[in-house]
Structures are given as structure tokens and as C-alpha cells.
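Start at 1 with the first residue, then count along the sequence.
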Amino acid sequence: MRKWALIGLCMAMFAVWALAQNRSEQASGSSSAPTATTTAQPSASVKPSQKPPASAPKEGTLTVQAQFLGFFSRGEGTLTLRGKGYLIVADVQGEYSVSGFTLQKSLPRGVQIPAPWKERVKIYFGNGTLTLKGKYDAVRGNLKNASLQFRGNGAFNVSGIGKAHYSNKEIDLYPTAVSTLMIPEPQWQNEKLDVVPNPKMKR
């Protein structure tokens, strides 16, 4: 029985080998056909796809006037703040100037800044103006009689009592609700539905 099994296995392997040889001969015969000379020539359509150069991001503007303003921001551009209260500035890659605000070297009891952040975070308090030009990781503050002007690319969380103007829009600020603003405002694309909604059934 083993002998017949081995013979059958050998015959099956031989049949597979013969079939493979036959297919390879057919493939080589088709490559020698006259149509092969046309495929050997380089085609202008077969080129690596070249992506169009990325356009520079557009800038946006934001203006806020508020009796009270609480905000957090991250971005790149020119930021000017005026008011009375405190500001926290972290990781600025650029330059900024402060007038009227005082750098707080000693913090209230119980308030601690982790050691890795002590050189990266600056806390200011007073009544004055901050002007920043460049890229910044975080600017946070609570100000009274505040004004904010920004030009560039950034994200803002704002709340308080006042109004904000951006992208030809005006919104009211609320002390109990935070508004998230993207500057400039992104243009979202409407996605097409793959599933057609079923018509409503008449009752």
C-alpha cells in the first residue's frame, strides 16, 4: 500500500511540474509576440506621481473685547493682550514683551510647579500689556477689562462677558460656557452618504 501511495504521489508531482512547464512556455511565447515591442518602450504616462507643492497656510484674525476674559491659546502668530489679572506663558519660540505685568517669582502657599517646568513657565500678574510674536505652546489667563488681538494660526478656548470677532463672525462670550475657536476657521468638506436613506412610510 505504501508503494502505491508513493507512486501516486510521484505521479501527482510530475503532473504539477508538467503543467507549470507548459504555462511557462506559453508565457515565454506570448512575450515574443509583436505586441511585446510596444510594451518595451517607455511610456510617458508611467511616472511617479508628483504631489503638488503644499501651499502656505492662510492666516486668520481674532479680536475680543470683554469685561471679563478667561482664555487658553496655542498657536503661531502675533498676539496682543491688555487687561488686569494674571497670565501664564509657556514655551515661546520667538519674542514677547511685557509692560505693566510683574513676573511672579514666589507662588502662593500650596502652589507648586514641577521642576521640569520651572524654566519653561512664566507667571505674570498686574495691569498691563503683553505682545508676543512667534510660536507658543500655551498662553492662559484671566483678565478684567480685557482686549485680545491675534493674527496667525492658532486655537483658542474663550469664556467671559463680552464679544469675539473672527472670520467675519461675531459671537457672545458666556462666563459659564467655553467657546472653542480655530483661527483661521477650517473649511469642512461635506461627506457623501454611501447609504441612501429609506423613504418614510405613510401611515
Side-chain angles (χ1 to χ4, degrees), residues 51-190:
K51 295 182 179 179
S55 59
K58 297 180 180 179
E59 293 185 344
T61 58
L62 171 66
T63 302
V64 179
Q65 294 287 338
Q67 299 176 13
F68 171 78
L69 175 63
F71 73 95
F72 172 83
S73 173
R74 168 183 285 181
E76 182 175 5
T78 301
L79 176 66
T80 303
L81 292 165
R82 294 182 179 88
K84 180 179 181 180
Y86 80 88
L87 295 172
I88 300 176
V89 182
D91 287 346
V92 175
Q93 299 177 15
E95 58 182 10
Y96 70 95
S97 60
V98 177
S99 62
F101 291 102
T102 304
L103 179 63
Q104 303 297 298
K105 296 182 179 180
S106 60
L107 301 177
R109 180 180 299 177
V111 178
Q112 295 182 354
I113 298 178
W117 285 86
K118 285 185 177 180
E119 298 299 326
R120 301 168 59 183
V121 176
K122 305 295 182 184
I123 301 176
Y124 297 92
F125 180 80
N127 186 0
T129 303
L130 178 142
T131 301
L132 186 153
K133 295 181 180 180
K135 186 177 181 180
Y136 57 93
D137 187 67
V139 175
R140 180 187 295 273
N142 283 314
L143 300 172
K144 294 181 179 179
N145 300 322
S147 67
L148 182 153
Q149 293 180 346
F150 175 78
R151 182 180 182 86
N153 293 268
F156 289 80
N157 288 338
V158 292
S159 62
I161 302 174
K163 294 182 180 296
H165 301 266
Y166 75 105
S167 299
N168 298 323
K169 296 181 180 180
E170 179 181 286
I171 63 170
D172 294 324
L173 304 182
Y174 300 95
T176 57
V178 176
S179 299
T180 300
L181 309 178
M182 304 296 293
I183 311 297
E185 186 178 16
Q187 300 295 327
W188 305 109
Q189 295 182 356
N190 295 327

side-chain contact (heavy atoms from CB on, under 4.5 Å) for Leu173 and Val64? Distances and angles first, verdict last.
CA-CA 9 Å; Leu173 304 182; Val64 179; 3.8 Å; yes
Worked check of side-chain contact (heavy atoms from CB on, under 4.5 Å) between His165 and Glu170:
CA-CA 5 Å; His165 301 266; Glu170 179 181 286; 2.6 Å; yes
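Of all the heavy atoms in Asn142 and Gly70, the pair that sits closest is OD1-CA, 3.2 Å. In plain terms, the two heavy atoms of Ala164 and Leu62 that are nearest each other are CB-CD1, 4.3 Å. Looking at every heavy atom in both residues, Leu130 comes nearest to Phe101 through N-CE1, 4.3 Å. Considering all non-hydrogen atoms of both residues, Ile113 and Lys118 come closest at O-CE, 3.4 Å. Minimum interatomic distance between Tyr136 and Ser73 (heavy atoms only, all atoms of both residues): OH-OG, 2.6 Å.
Atom OG of Ser159 sits about 6.0 Å away from atom CZ of Phe68, to the nearest 0.5 Å. For the atom pair CG (Asp91) and CD (Gln93), the distance works out to 7.5 Å, reported to the nearest 0.5 Å. Between the CG atom in Asn153 and the CD atom in Glu59 there is a gap of 6.5 Å [rounded to 0.5 Å]. Considering CG of Asn157 and CZ of Arg74, their distance stands at 11.0 Å, rounded to 0.5 Å. One finds the CZ atom of Phe72 at 10.0 Å from the CD1 atom of Ile88 (value rounded to the nearest 0.5 Å). Taken to the nearest 0.5 Å, the NZ atom of Lys122 stands 9.0 Å off from the NZ atom of Lys105.
Looking at Glu119, its side chain never comes within 3.5 Å of a backbone N or O of Trp117 through a donor-acceptor pair. In terms of modelled atom types and a separation under 3.5 Å, the side chain of Arg82 and the main chain of Thr129 share no donor-acceptor contact.
With respect to Leu81, the side chain to side chain contact (heavy atoms under 4.5 Å, CB included) criterion is satisfied by exactly one of Thr131, Val89, Val98, Val139: Val139.
Looking only at side-chain heavy atoms (C-beta outward), Thr102 and Phe125 stay at 4.5 Å or farther from each other.
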